[in-house]
Visitor: 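Submitted below is the structure of interest, expressed as structure tokens.
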Amino acid sequence: MECITKLPSNENETDSLLMTFGSMVLHDQENQVPQEFVWPDHQKPSPNVPILQVPLIDLAGFLSDDPFLVSEATRLVAEGAKKHGFFLVTNHGVDERLLSSAYTSMDKFFLSPTSEKQKAQGEWRESWGYANSYFGKDKKNLPWKEMLSFSFTPEEKTDDHSQIVKDFIIENWVTNTMILVYQEYAEAMSNLSLKIMELLGMSLGLNRSHFKYFFEDNESILRLNYYPKCKQPDVVLGTGPHCDPTSLTILQQDHVSGLQVLVDNQWHSVPPNPDALVVNIGDTFRALTNGIYKSSLHQAVVNSETERKTIAFFLSPKVDKVVKPPEELEGERVYPDFTWSILHEFVKKHYKTDENTLEEFTKWLKKGGNV
Ligand SMILES: C=C1C[C@]23C[C@H]1CC[C@H]2[C@]1(C)CCC[C@@](C)(C(=O)O)[C@H]1[C@@H]3C(=O)O
Ligand SMILES: O=C(O)CCC(=O)C(=O)O
Ligand SMILES: [Fe+2]
């Protein structure tokens, strides 16, 4: 498989480029990644970053209603959420077989020919379909990754119960290349996120169902991130520095480290823990807590030895629900009321997400917010 050394100059060259993009395995004698993947010096990944001490929360303990275990879980989640917005959950109740079959399906998809993957092609920065860096309009600081994303919303348990993820796969794909595991996976993550919302509500002294009710009819995104190995891991980024603009992210990592979080202006790694899922707060939930709980810049680095695979469930409220903190947290309002759909449009059309997203979004809204 060959490396890509230059960007296409015309349409059909783009097609042939896309045919090889999926490999991104550098040809032996060529060790230069395309310039568009090389990040500026001040953003290149630094080697040997310190490990972030992330609170590890026993979710089964919280759900047991044992007073000590509940107070321990709420104390730990508040500690992580106030400082950087990252925590780990263990004893989360998601079937290990489901977690592992979701990975097997990733290999089936991302290692299939690009022509197969293109059958599921969506728009870059859309919430569904296959995308890789060459789909986007950006021509610099390209992320060293391919993605497959699905929109998800919990279906009413009715007889016709159309299943949004399963329908997408069937409509857009030859299902023999894809185990329909992601419908079940998204449902499991949606259910888990509601339990975490109970924990977060309780940790803020609110009624434990406050946020759970707010997200029951969530309209979320399931995203598969496939980071091919790279011969120059010190000049590329798998995913650039960003805050998730969504509400809550549940991330399943494989055994390959790569997730980094910016805390006290220093990148820290969050090493894989096979018994835990990584959870991080997004900008929308930061606004829902009136800024009390933090969303943080994070990124993904790659390596030269092996590919890395992660699955991110991005919980978001129904698009037209008004995002405003409960009156118990109001005090002086930090952000205006808004809806996720407006913030998502802002992120997609006007702004790369970073640590100032909500502030820039607020200014944009005050200037009339031309969507
Ligand atoms: C609503 C979303 C936009 C992104 C996917 C979800 C949550 C994270 C966002 C993203 C990953 C942040 C980094 C840049 C981005 C373009 C990407 O690398 O994919 C973002 C996603 C997106 O805009 O599609
Ligand atoms: O893959 C990772 O480790 C992080 C991915 C991420 O932050 C994202 O997709 O928003
Ligand atoms: Fe993220």
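Scope of the values below: all heavy atoms of this structure, side chains included, with no hydrogens, waters or symmetry mates. Just follow the structure's listing: the first ligand is 1, and inside any ligand the first atom is 1.
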Visitor: Using a strict 4.0 Å cut-off to heavy atoms of Thr353, name the atoms of ligand 1 that fall inside it.
Guide: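 Ligand 1 atoms under the 4.0 Å threshold to Thr353: 12 (C).
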
Visitor: Which value, rounded to the nearest 0.5 Å, describes the distance between Leu99 atom CG and Asp254 atom CG?
Guide: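 The CG atom of Asp254 is 12.5 Å from CG of Leu99, to the nearest 0.5 Å.
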
Visitor: Contact between Pro245 and ligand 1, counting heavy atoms under 4.0 Å?
Guide: yes

Visitor: Which is the closest N/O/S atom of His298 when seen from the Fe ion (ligand 3)?
Guide: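 Looking at His298, the N, O or S atom with the least distance to the Fe ion (ligand 3) is NE2.
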
Visitor: Is Lys321 positioned over the aromatic face of Phe214, cation under 6.0 angstrom from the ring centre and no more than 45 degrees off axis?
Guide: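 Pair Lys321/Phe214 counts as cation-pi.
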
Visitor: Return the orientation label for the His344 and Trp340 ring planes: parallel under 30°, perpendicular over 60°, tilted otherwise.
Guide: parallel

Visitor: For ligand 1, which part of Ser149 has a heavy atom less than 4.0 Å away: the side chain, the backbone, both, or neither?
Guide: neither

Visitor: If you count only heavy atoms, which residues are under 4.0 Å from ligand 2?
Guide: Asn225, Tyr227, His242, Asp244, Leu251, Leu259, His298, Ala300, Arg308, Thr310, Phe314

Visitor: Measure the spacing between CG of Asn191 and NE2 of His92 and express it to the nearest 0.5 Å.
Guide: 13.5 Å

Visitor: If you count the atoms of ligand 1 from 1 in the order shown, which ones are under 4.0 Å from a heavy atom of His344?
Guide: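 Selected atoms, number and element: 1 (C).
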
Visitor: Which ligand 1 atoms does Thr246 reach within 4.0 Å, using its non-hydrogen atoms?
Guide: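 With Thr246 as reference, the close atoms of ligand 1 come out as 1 (C).
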
Visitor: Can you confirm, on distance only, whether ligand 1 has an N/O atom lying under 3.5 Å from any N/O atom belonging to Lys145?
Guide: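 Right, the criterion is met.
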
Visitor: Quick one: do Asn280 and Ser296 satisfy side chain to side chain donor-acceptor pair (under 3.5 Å)? Show the steps, please.
Guide: CA-CA 8 Å; Asn280 66 274; Ser296 287; over 6 Å; no

Visitor: Would you call Asp41 and Lys44 a salt bridge, taking side-chain N to carboxylate O under 4.0 Å as the test?
Guide: yes

Visitor: Can you name the closest pair of heavy atoms from Glu307 and Lys309 and give their distance?
Guide: OE2-NZ, 3.7 Å

Visitor: Between Phe86 and His298, what is the ring plane arrangement, given parallel below 30°, perpendicular above 60°, and tilted in between?
Guide: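 Ring orientation, 0 to 90° scale: perpendicular.
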
Visitor: Pick one of side chain, backbone, both or neither for how Gln299 approaches ligand 1, counting any non-hydrogen atom pair under 4.0 Å.
Guide: neither

Visitor: Could you tell me whether Thr249 approaches ligand 1 through its side chain, its backbone, both or neither, with non-hydrogen atoms closer than 4.0 Å?
Guide: neither

Visitor: Within 2.8 Å of the Fe ion (ligand 3), is there any N, O or S atom belonging to Cys243?
Guide: no

Visitor: Using every non-hydrogen atom in the two residues, find where Phe313 and Ser193 come nearest and quote the distance to one decimal.
Guide: CE2-OG, 4.1 Å

Visitor: Could you check whether the rings of Phe346 and Trp364 sit parallel, tilted or perpendicular, using 30° and 60° as the cut-offs?
Guide: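 Phe346 vs Trp364 ring planes: tilted.
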
Visitor: I'd like to know whether the aromatic ring centres of Phe211 and Phe285 sit less than 6.0 Å apart in this structure.
Guide: yes

Visitor: Suppose we only allow N, O or S atoms; which atom of Asp244 ends up nearest to the Fe ion (ligand 3)?
Guide: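 Nearest N/O/S atom: OD1.
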
Visitor: Considering the heavy atoms of Asp244, write down every atom of ligand 1 situated less than 4.0 Å from one of them.
Guide: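 So the answer, numbered in order with elements, is 8 (C).
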
Visitor: Please work out which of His242, Lys348, Arg223, His298 has its closest non-hydrogen atom nearest to atom 19 (O) of ligand 1.
Guide: Arg223

Visitor: Where do Ile196 and Leu248 come nearest, in terms of heavy atoms and distance?
Guide: CG2-CD2, 3.8 Å

Visitor: Does ligand 1 have any atom that is closer than 4.0 Å to a heavy atom of Trp340?
Guide: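 Contact check Trp340 vs ligand 1: positive.
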
Visitor: Would you call Glu198 and Arg208 a salt bridge, taking side-chain N to carboxylate O under 4.0 Å as the test?
Guide: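 A salt bridge is present here (some side-chain N lies under 4.0 Å from a carboxylate O).
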
